J.: 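Dropping the structure in here first, questions after.
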Amino acid sequence: MINVGLLIIRLVVGILFIGHGAQKLFGWFGGYGLKGTGGWFESIGMKPGVTMALFAGLGELIGGILFALGLLTPLAGIIIAGTMVMAIAKVHGPNGIWATSNGYEYNLTLIAVTIGIALVGPGQYALDALFF
């Protein structure tokens, strides 16, 4: 059953990150696309905004795809955790821990999940199990 549990965790987290990346890159799922996200990034001091939005979106999209597939899982965990560290540093950190105050509670949870899976492995139902 542990392999099914790991699959569920990877699919949910990975697919949600794919969605967040698509919001930033393409404006899908209610996102603002590169221009809109880039403008917001500029407003919080991340310059050049469009380039930073591109990096964030690609990190979320690629990290999410790899994580969901269980392919290069340690790399996927590092990519996703890295985007969450930036979210804490640039947006949520000053608000404290609790999500009710727009804090970093959720980001920290995602870091723990992705690094935890990267350390224990993606399970039997993963491309890593097939290739490595």
Side-chain angles (χ1 to χ4, degrees):
M1 293 306 290
I2 192 166
N3 290 303
V4 173
L6 292 168
L7 176 64
I8 291 168
I9 292 167
R10 286 195 352 265
L11 287 176
V12 169
V13 172
I15 289 169
L16 290 174
F17 268 94
I18 292 167
H20 277 284
Q23 287 176 322
K24 288 176 181 68
L25 295 172
F26 314 120
W28 297 354
F29 313 117
Y32 299 103
L34 281 176
K35 186 175 179 183
T37 304
W40 181 72
F41 276 19
E42 290 259 348
S43 78
I44 62 169
M46 295 179 68
K47 297 179 181 182
V50 171
T51 302
M52 298 305 287
L54 176 65
F55 289 149
L58 287 173
E60 291 174 346
L61 183 73
I62 293 167
I65 290 168
L66 293 174
F67 199 74
L69 294 174
L71 180 62
L72 304 174
T73 306
L75 176 63
I78 290 167
I79 291 170
I80 293 172
T83 63
M84 291 298 94
V85 167
M86 285 299 296
I88 291 170
K90 290 304 213 173
V91 180
H92 301 285
N95 301 320
I97 190 165
W98 303 115
T100 52
S101 300
N102 198 29
Y104 59 91
E105 171 185 8
Y106 182 63
N107 309 100
L108 185 59
T109 301
L110 290 169
I111 291 169
V113 168
T114 57
I115 295 300
I117 298 289
L119 291 172
V120 301
Q124 177 183 354
Y125 306 121
L127 291 179
D128 282 348
L130 182 64
F131 295 130
F132 303 109

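Positions are given from 1 along the sequence. Treat the numbers as computed from the prediction; the structure is a model and nothing was measured.
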J.: Membership question, hydrophobic clusters at under 4.5 Å side-chain separation (ILVMFWY): are Leu58 and Leu34 in the same one?
T.: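 Leu34 and Leu58: one cluster.
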
J.: Could you give all pairs that pass the ring pair (Phe, Tyr, Trp, His ring centres under 6.0 Å) test and reach residues 2-32, with sequence neighbours left out?
T.: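 Sorted result for residues 2-32: Phe26-Trp28.
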
J.: Ignoring hydrogens, what is the shortest heavy-atom contact between Ala129 and Gly123? Give both atom names and the distance.
T.: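 Shortest heavy-atom contact: CB-O, 3.7 Å.
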
J.: With salt bridge (charged side-chain N to carboxylate O under 4.0 Å, His left out) as the rule and sequence neighbours excluded, what pairs involving residues 25-45 come up?
T.: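 Applying salt bridge (charged side-chain N to carboxylate O under 4.0 Å, His left out) to every pair that reaches into residues 25-45, excluding sequence neighbours, yields nothing.
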
J.: Tell me, please, which residues at least two apart from Thr73 pass side-chain hydrogen bond (donor to acceptor under 3.5 Å, both in side chains).
T.: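 With neighbours one apart ignored, the set is Asp128.
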
J.: Over all heavy atoms of both residues, which pair between Ala56 and Thr83 is shortest? Give the atoms and the distance, please.
T.: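 Scanning both residues completely, I find the closest heavy atoms to be O-CG2, 4.4 Å.
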
J.: So if you build clusters from Ile, Leu, Val, Met, Phe, Trp, Tyr with side-chain heavy-atom gaps below 4.5 Å, do Leu71 and Ile65 land together?
T.: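 Yes, Leu71 connects to Ile65 through the hydrophobic network.
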
J.: Hey, are the side chains of Val50 and Leu54 touching, using non-hydrogen atoms and a 4.5 Å cut-off?
T.: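 Not touching, per the 4.5 Å side-chain cut-off.
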
J.: What distance separates Asn3 CG from Ile8 CD1, expressed to the nearest 0.5 Å?
T.: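 Spacing of CG (Asn3) from CD1 (Ile8) equals 11.0 Å.
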
J.: Please give me the minimum heavy-atom distance between Leu66 and Ala76, naming the atom from each residue.
T.: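 Reported closest heavy-atom pair: CB-CB, 3.6 Å.
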
J.: Provide the full list of salt bridge (charged side-chain N to carboxylate O under 4.0 Å, His left out) pairs with a residue in residues 56-82, sequence neighbours left out, each pair given once.
T.: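 Of all non-adjacent pairs touching residues 56-82, those that pass salt bridge (charged side-chain N to carboxylate O under 4.0 Å, His left out) are Lys24-Glu60.
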
J.: Could you grab the distance from atom CD1 of Ile79 to atom CG of Leu75, nearest 0.5 Å is fine?
T.: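 If I round to the nearest 0.5 Å, the distance is 4.0 Å.
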
J.: Passes side chain to side chain contact (heavy atoms under 4.5 Å, CB included), Phe132 versus Leu72? Steps please.
T.: CA-CA 9 Å; Phe132 303 109; Leu72 304 174; 4.0 Å; yes

J.: Measure the spacing between CG of Leu61 and CD of Gln23 and express it to the nearest 0.5 Å.
T.: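 If we round to the nearest 0.5 Å, Leu61:CG and Gln23:CD are 11.5 Å apart.
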
J.: At their closest point, which heavy atom of Ile88 faces which heavy atom of Pro94, and how far apart are they?
T.: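 In terms of heavy atoms, the two residues are closest at O-CD, 4.2 Å.
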
J.: Rounded to the nearest 0.5 Å, what separation is found between the CD1 atom of Ile80 and the CD1 atom of Ile111?
T.: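 Interatomic distance, Ile80 CD1 to Ile111 CD1, rounded to 0.5 Å: 11.0 Å.
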
J.: Looking only at heavy atoms, which two atoms of Val120 and Leu6 are closest? And how far apart?
T.: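 For Val120 and Leu6, the tightest heavy-atom pair comes out as CG2-CD2, 4.4 Å.
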
J.: Nearest 0.5 Å, please: how far is CZ in Arg10 from OG1 in Thr114?
T.: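 Answer for the OG1-CZ pair, Thr114 versus Arg10, is 13.0 Å.
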
J.: Under 6.0 Å from the CD1 atom of Ile2, do we count more than 12 heavy atoms belonging to anything else shown?
T.: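 Not buried by this count: 12 neighbours or fewer within 6.0 Å.
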
J.: Can you pull out every salt bridge (charged side-chain N to carboxylate O under 4.0 Å, His left out) where at least one residue sits in residues 90-116? Sequence neighbours excluded, please.
T.: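 Output for this query is empty, none listed.
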
J.: Please tell me whether Met84 and Ile97 are part of a single hydrophobic cluster in this structure, the criterion being side-chain heavy atoms less than 4.5 Å apart.
T.: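 Yes, Met84 and Ile97 fall within the same hydrophobic cluster.
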
J.: Please determine whether residues Ile62 and Leu110 belong to a single hydrophobic cluster, defined as Ile, Leu, Val, Met, Phe, Trp and Tyr linked transitively by side-chain heavy-atom distances below 4.5 Å.
T.: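 They do not share one cluster, since no chain of ILVMFWY contacts under 4.5 Å joins Ile62 to Leu110.
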
J.: Thr37 and Ala53: which non-hydrogen atoms are nearest, and at how many Å?
T.: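 Shortest heavy-atom contact: CG2-CB, 3.8 Å.
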
J.: Which pairs pass ring pair (Phe, Tyr, Trp, His ring centres under 6.0 Å) with one or both residues in residues 49-106, sequence neighbours excluded?
T.: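 Qualifying pairs: none.
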
J.: Under 4.5 Å between side-chain heavy atoms, counting indirect links through other Ile/Leu/Val/Met/Phe/Trp/Tyr residues: same cluster for Met86 and Phe41 or not?
T.: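 As far as the 4.5 Å side-chain criterion goes, Phe41 and Met86 are connected within one cluster.
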
